[in-house]
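Quick note on labels: first sequence line is chain A, next is B, and so on, each numbered from 1.
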Number of protein chains: 2
Amino acid sequence: MKYRKSKQRNKILEILKNTNTHPTVDWIYDKLKKDFPKLSIGNVYRNLNILVEQKLVRRMDFGSTFDRFDAVRAPHYHFICEQCGAVIDLDLSYDDKLNQKAMDSSGCKVHDHKIQFYGLCDKCKNKLQQHQQQ
Amino acid sequence: MKYRKSKQRNKILEILKNTNTHPTVDWIYDKLKKDFPKLSIGNVYRNLNILVEQKLVRRMDFGSTFDRFDAVRAPHYHFICEQCGAVIDLDLSYDDKLNQKAMDSSGCKVHDHKIQFYGLCDKCKNKLQQHQQQ
DNA sequence: GTTCATGCAAATCGTTTGCACAATG
DNA sequence: CATTGTGCAAACGATTTGCATGAAC
């Protein structure tokens, strides 16, 4: 599919490249609205879908009712805080052997995998400790 | 929270225990409707939420627009076919060390993780091969 | 008999889409 | 000028919820 340039779409990609918080559509919309006051939320959805199709952006799905997005980089795993919902990139190296293991055990053709870790992020961990000491 | 007995809820759990396909709400609804012709879809949602709260059922989220459910058993990983959407339990052993690794690299308190593998299931793999040979 | 579960329909939420107009090439 | 992108609002699909009635205790 061939697309024309769009200032809005360019800016969305730029915003995503400069963020590591895996933002939601609403967050992106609010941020972009400063540059395009008439911006509609539908257009943010439309452009995010195009960017995903172009493989410049990845749609992420961590079990919430809404999606999150980030600019595509090297494959990595994620941590999700069960308290505040924050999504944090992990510095663990991507385990290529896992795909082969899954392939051997299932007979399916496996070409990728995702890992999500769950628990409490640093902030929430500390808040909880303070709470318990009171 | 204390709940009364409900024939509908019991049957939902029974259905889930006898299935390994991680069914959707609609699938469960259709199946349950044979026993309870007046059944409403809202009640299936309500009871699934209760079962999840009681930790008898797990809500699964594989990136589709709808949720899937299964009766809780030993932790295991999943394969998702990108062609037909099938979700298949894998026989890989749960890697306890992974949580510790994630904890070390992030500073977060990690207590669980999920792994999803992506690719083509056996059926879809074969279909594709037949297609290419024609 | 009081309280919770149910069916039904309306409401909600995130997302998509149809349309008239504006921007791109 | 032909075509795609946009804002707007309506439509959509999955899920939740308010309410009157029925089942559980």
Side-chain angles (χ1 to χ4, degrees), chain A residues 1-16 21-54 56-70 80 84-87, chain B residues 1-16 21-54 56-70 80 84-87:
Chain A
M1 204 67 97
K2 175 69 185 137
Y3 295 106
R4 293 186 178 169
K5 277 186 193 171
S6 139
K7 290 170 186 170
Q8 288 87 334
R9 186 158 66 244
N10 279 353
K11 186 71 187 175
I12 290 178
L13 185 54
E14 191 190 308
I15 288 176
L16 284 176
T21 56
H22 317 79
T24 62
V25 173
D26 284 342
W27 189 93
I28 298 169
Y29 173 67
D30 286 343
K31 196 140 204 209
L32 201 60
K33 189 131 192 170
K34 284 160 194 160
D35 289 304
F36 305 94
K38 288 190 189 166
L39 181 70
S40 73
I41 188 87
N43 195 35
V44 177
Y45 278 102
R46 239 178 326 226
N47 278 314
L48 281 169
N49 282 338
I50 292 174
L51 288 168
V52 168
E53 186 188 325
Q54 296 177 329
L56 296 170
V57 164
R58 194 182 303 141
R59 181 193 313 273
M60 344 205 62
D61 179 41
F62 297 118
S64 20
T65 55
F66 43 82
D67 285 343
R68 291 172 167 273
F69 295 86
D70 74 350
I80 296 110
C84 69
V87 176
Chain B
M1 203 69 99
K2 174 69 187 135
Y3 296 106
R4 293 187 178 168
K5 275 187 194 171
S6 140
K7 290 172 185 167
Q8 287 87 335
R9 186 157 67 244
N10 279 352
K11 186 72 186 174
I12 290 178
L13 184 55
E14 192 191 308
I15 288 176
L16 284 176
T21 56
H22 316 79
T24 62
V25 173
D26 283 342
W27 189 93
I28 298 168
Y29 173 67
D30 286 343
K31 197 140 204 208
L32 200 61
K33 188 130 192 171
K34 283 161 194 160
D35 289 303
F36 305 93
K38 287 191 190 166
L39 180 70
S40 72
I41 187 88
N43 195 35
V44 178
Y45 279 101
R46 243 179 323 228
N47 277 315
L48 280 170
N49 283 338
I50 292 175
L51 289 168
V52 168
E53 185 189 323
Q54 296 177 329
L56 296 171
V57 163
R58 195 182 301 142
R59 180 194 313 275
M60 343 205 62
D61 178 40
F62 297 118
S64 22
T65 55
F66 43 84
D67 287 343
R68 290 172 169 274
F69 296 86
D70 74 351
I80 297 112
C84 69
V87 176

List every contact pair, protein side and nucleotides 23-25 of chain D side both N or O, where the distance is under 3.5 Å.
{"from": "D/dA24", "atom 1": "N3", "to": "B/R4", "atom 2": "NH1", "distance (Å)": "2.8"}
{"from": "D/dC25", "atom 1": "OP1", "to": "B/K5", "atom 2": "N", "distance (Å)": "3.2"}

Could you go through A/L16 and A/L56, starting from their C-alpha distance and side-chain angles, then the distance that decides it, and tell me whether this counts as side-chain contact (heavy atoms from CB on, under 4.5 Å)? CA-CA 10 Å; A/L16 284 176; A/L56 296 170; over 6 Å; no
Ignoring hydrogens and geometry, is there a side-chain-to-backbone donor-acceptor pair from A/R9 to A/R4 under 3.5 Å? yes
Side-chain donor-acceptor pairs of residues 25-39 of chain A under 3.5 Å, sequence neighbours excluded:
{"from": "A/Y29", "atom 1": "OH", "to": "A/K33", "atom 2": "NZ", "distance (Å)": "2.6"}
{"from": "A/Y29", "atom 1": "OH", "to": "A/L39", "atom 2": "O", "distance (Å)": "3.3"}

If you take all heavy atoms of B/Q8 and B/N47, which pair is closest and at what distance? CB-ND2, 4.1 Å
Look for any protein N or O under 3.5 Å of an N or O in nucleotides 15-21 of chain D and output each such pair with its distance, or none.
{"from": "D/dT15", "atom 1": "OP1", "to": "B/D67", "atom 2": "N", "distance (Å)": "3.0"}
{"from": "D/dT15", "atom 1": "OP2", "to": "B/Y45", "atom 2": "OH", "distance (Å)": "2.5"}
{"from": "D/dT15", "atom 1": "O5'", "to": "B/Y45", "atom 2": "OH", "distance (Å)": "3.4"}
{"from": "D/dT16", "atom 1": "OP2", "to": "B/N49", "atom 2": "ND2", "distance (Å)": "3.1"}
{"from": "D/dG18", "atom 1": "O6", "to": "B/R46", "atom 2": "NH1", "distance (Å)": "3.3"}

Over how many whole Å does the gap from A/I12 atom CD1 to D/dG5 atom C1' extend? 12 Å
Compare every heavy atom of A/M60 with every heavy atom of A/H22, then report the nearest pair and how far apart it is. CD2-SD, 3.5 Å
How bent is the helix from C/dA5-D/dT21 to C/dG25-D/dC1, measuring the angle between the end axes built from five pairs each, rounded to 10°? 20°
Quick one: salt bridge (charged side-chain N to carboxylate O under 4.0 Å, His left out) pairs with a partner in residues 60-70 of chain B, sequence neighbours left out? B/R59-B/D67, B/D70-B/R73
Euclidean distance, B/F66 CZ relative to B/T24 OG1, rounded to 0.5 Å: 6.5 Å
Quick one: on DNA chain D, does A/P37 or A/R9 contact a more 5' nucleotide (nearest heavy atom)? A/R9
Applying a 4.0 Å non-hydrogen cut-off, can you work out what A/D26 is touching in the nucleic acid: base, sugar-phosphate, or nothing? nothing
Please report, rounded to the nearest Å, how far the P atom of D/dA14 is from the CG atom of A/D61. 15 Å
Nearest-Å distance for atom pair CZ/P, residues B/F36 and D/dG22: 18 Å
Hey, where on DNA chain C does chain B first and last touch, going 5' to 3'? Cut-off is any atom under 4.0 Å from a heavy atom. C/dT3 to C/dC8
As an exercise, state the distance from CZ of B/F69 to CG of B/L13, rounded to the nearest 0.5 Å. 13.0 Å
Is the shortest side-chain N/O distance from A/Q8 to OP1 or OP2 of D/dG5 below 4.0 Å? no
